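Written out below as structure tokens is the structure these notes cover.
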Protein chains: 2
Amino acid sequence: MLTERQLLILQVIIDDFIQSAQPVGSRTISKKDNVSYSSATIRNEMADLEELGFLEKTHSSSGRVPSEKGYRFYVDHLMSPFNLSGQEKTFVKQAFNHQMVEFEQVVQQSARVLSELTNYTSIILGPEVYETKLKQLQIIPLSQISAVAILVTDTGHVEHRSFTIPVEIKPADLEKMVNILNERLNGVPIIYLHHKLNTEIAELLKKHTSEFEKAYQYLRAALFDEQPAKLYVGGKTNILMQPEFRDIDKVRTLYSMIEEETEIAHLLRHNSSDIKVSIGTENEVNAMKDLSIITGSYSIGDTQLGTIALLGPTRMEYSKVISLLNLLSDRMTETFHSWYQKGSTGE
Amino acid sequence: MLTERQLLILQVIIDDFIQSAQPVGSRTISKKDNVSYSSATIRNEMADLEELGFLEKTHSSSGRVPSEKGYRFYVDHLMSPFNLSGQEKTFVKQAFNHQMVEFEQVVQQSARVLSELTNYTSIILGPEVYETKLKQLQIIPLSQISAVAILVTDTGHVEHRSFTIPVEIKPADLEKMVNILNERLNGVPIIYLHHKLNTEIAELLKKHTSEFEKAYQYLRAALFDEQPAKLYVGGKTNILMQPEFRDIDKVRTLYSMIEEETEIAHLLRHNSSDIKVSIGTENEVNAMKDLSIITGSYSIGDTQLGTIALLGPTRMEYSKVISLLNLLSDRMTETFHSWYQKGSTGE
DNA sequence: TTTAGCACTCGCAATTAAAGAGTGCTAACA
DNA sequence: TGTTAGCACTCTTTAATTGCGAGTGCTAAA
């Protein structure tokens, strides 16, 4: 429905605005190499594009600025694929070069790369533990009254919780119980753990003395509370360099949201393996109305582990960010895969 | 060397400025209840106090503002002890009321309380693991080529590291080794671990096959790298409400420093059990030149675990912060003590 | 259909003016 | 001799005024 020329002009305007952060005027566009129309012609087209809702004016005689609809159209149809520079590619390569053995290490490194290469804020959502399987349960007594319970998943995640032990329970009993649990629960997806405990295992434990019952209460409380997925944030200060964040109040609302974690975690989590772009109010959170989020994901094999995202102003280098996100998402998945390909289920 | 009257006036000026954040003039002071001199008299005294370096002017005909020296004098000699309101006390009490069993929980809760009650940014430095003793070492194989090593200290801290296992090492061998290590290392302060490993244990292991030697290499690398103490920060956005942080650049340098962690950790760590106040340039870090840090500590028994601090503008409510820091420091120490008083060394 | 030209709009930066807060100094007072 | 009233002066802050320039919309000519 848009003419060839309108498409071109819209694209050039948005490209320019993404670079300059300044409202762009008709003359600026007419001077571009790939545009061969006079400023007056451009002006007419701009007026049309504004009427169609792709552009906006900041005031009656200013240049044009892309509207949210404009960005959406740009992302869906207009933007040209971004070729990462050799420099950028080697930067990523180097980051993944030195042998990494820790999940956190990989995630933190990725967050750093993303934020340094884009000057936006990167957010990586750690895996929901519940999607992985129990590998081993350990209880280590610290004193007569306290112990720490450690839960290891097949992906190498370690969760731990301290808890107090009622005095009437002997260490030996506790140990026995842990043995039973380990025997029965190895390989069980964390998400079913609670259920399985309450049914089969509870029965089994009841056959022993009442002390088991009590110890079990404590243990369950310690281990199976909801543990929210962890949030890794990189380049929090990058966003302060964007001209749209001259205003302290905006900074505060955004940072409060990041600090609060739950809302942003909810915003990020998504299931598709594709890259998803959410522009401004599409995020349905007031604090995000001038910001865009681009999310991707990383996995081990078939199971998607977590989300990897970049947060920036709506005036974002969408094309570059998407390329980069794809690259990092692949690299992360690759890395994790290389760890567990050989006999993840074997003992 | 200062007259009684000068002391009073200096105190009132600083008190007022801490509240108002505005340069304070002679008339403002003369109207205070506890001051019975005319503005002209105050002016003369102010001129003297300025000459002595306790006060400054922002421009030739403005009111006075405390200098760094002024704050220092205020903190050392002038400020009156702060009585926490009933509300504040119950707020703290409530935070510590519900049964807490996790170290992190206590620390995070404390950080939250501190920042909410002061509107400054709270920073708590976690313990150096090295000051505690090894309780148990666990190695849990995840696949043929990877395993996670878990290290539990007597204070209930859990450190874990994933690492790859060279193929030639059999799980049984690994287990054997862990058993030996546990036997020998239980109760050894983490700080001596490395040394002890390199001398006694290495000997012991060498008596077995060369595979032990190799496995040991891997294990050592995985476990005994420097792990910096963790930083818990609360109320990061509070500082944005202080009028001295209208300037984005200041915000950026400060946040960069907090994000970077090492410098601020170095700034905070201190050994005395007293509260310490560092005002502006006393911190010897350029980014801190308009900020003050007040630090205290928390312990278990005799061993000091970590540092608890508040970060705010030099125009800080020193008195209140000090009271609060004392309170929280006590509460934390109390809580930890209650966990481990009974038989921390017992099995 | 495109473009040149022109009147018009608006924001921005610089300039000026007025108001207000506060000082330093002087001289009078207790 | 210490204290205070009074006053001229300084400097900031705010608002109002102005001119400039970037950019538009519209008209008429190519």
Side-chain angles (χ1 to χ4, degrees), chain A residues 2-10 12-17 19-67 70 243-244 246-247, chain B residues 1-10 12-17 19-67 70 243-244 246-247 315:
Chain A
L2 288 186
T3 68
E4 211 52 50
R5 191 166 73 187
Q6 284 176 322
L7 292 176
L8 173 67
I9 290 175
L10 183 56
V12 175
I13 289 176
I14 299 186
D15 278 337
D16 187 276
F17 183 72
Q19 288 307 317
S20 69
Q22 299 294 332
V24 359
S26 53
R27 242 177 77 81
T28 317
I29 297 305
S30 74
K31 275 186 294 190
K32 300 260 165 174
D33 289 348
N34 46 349
V35 176
S36 53
Y37 310 98
S38 77
S39 65
T41 311
I42 310 281
R43 271 203 293 283
N44 290 329
E45 296 288 22
M46 277 173 148
D48 291 351
L49 286 168
E50 182 177 356
E51 202 161 349
L52 290 166
F54 295 108
L55 296 178
E56 285 169 356
K57 280 192 281 195
T58 59
H59 63 269
S60 71
S61 72
S62 73
R64 300 307 205 288
V65 157
S67 68
E244 24 273 280
R246 294 251 118 247
D247 179 16
Chain B
M1 70 195 185
L2 288 186
T3 67
E4 210 53 50
R5 191 165 74 187
Q6 284 175 321
L7 293 176
L8 173 66
I9 290 175
L10 183 55
V12 174
I13 289 176
I14 299 187
D15 279 337
D16 186 276
F17 183 72
Q19 287 308 318
S20 70
Q22 299 292 332
V24 358
S26 54
R27 241 178 76 81
T28 317
I29 298 305
S30 74
K31 275 187 293 190
K32 301 260 168 179
D33 289 348
N34 46 350
V35 176
S36 52
Y37 309 99
S38 75
S39 65
T41 310
I42 309 280
R43 272 201 293 284
N44 290 330
E45 296 289 22
M46 279 173 146
D48 291 350
L49 286 168
E50 183 177 358
E51 202 162 352
L52 291 167
F54 296 109
L55 295 177
E56 284 168 357
K57 279 191 280 196
T58 58
H59 62 270
S60 72
S61 72
S62 74
R64 299 311 204 288
V65 156
S67 70
E244 24 272 283
R246 292 253 118 247
D247 179 16
R315 180 191 64 81

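Lettering of chains follows the sequences in order, A, B, ..., and the numbering in each one begins at 1. Just so it is clear, the model here is predicted, and its values are computed rather than measured.
A search for side-chain hydrogen bond (donor to acceptor under 3.5 Å, both in side chains) contacts involving T58(A) returns S62(A), not counting sequence neighbours. R27(B) is linked by a side-chain hydrogen bond (donor to acceptor under 3.5 Å, both in side chains) to nothing, counting only residues two or more places apart in sequence or in another chain. Qualifying salt bridge (charged side-chain N to carboxylate O under 4.0 Å, His left out) partners for K57(B), counting only residues two or more places apart in sequence or in other chains: none. In terms of the salt bridge (charged side-chain N to carboxylate O under 4.0 Å, His left out) criterion, residue partners of E244(B) (sequence neighbours excluded) are, by chain and number, R315(B).
Of all the residues in residues 40-49 of chain A, A40(A), T41(A), R43(A), N44(A) reach under 4.0 Å from DNA chain C with at least one non-hydrogen atom.
Along DNA chain D, the nucleotide nearest to S60(B) and the one nearest to R5(B) differ in position, and the one closer to the 5' end is contacted by R5(B).
With S26(B) as the partner, the side-chain contact (heavy atoms from CB on, under 4.5 Å) test is satisfied by one option alone out of R64(B), E45(B), M46(B): M46(B).
Here the range on DNA chain D touched by chain B, meaning any atom under 4.0 Å from one of its heavy atoms, is dT3(D) to dT12(D).
Considering every non-hydrogen atom in both G53(B) and S67(B), the closest pair reads O-OG, 2.6 Å. Listed here is the closest heavy atom pair of Y37(A) and R5(A): CZ-CD, 3.2 Å.
Contact check, S38(A) against dT3(C): a side-chain N or O comes under 4.0 Å of OP1 or OP2.
To the nearest 0.5 Å, atoms CD1 (I29(B)) and OG (S38(B)) are separated by 13.0 Å.
Following rounding to the nearest Å, R64(B) (CZ) and dA21(C) (C1') show an atom-to-atom distance of 13 Å.
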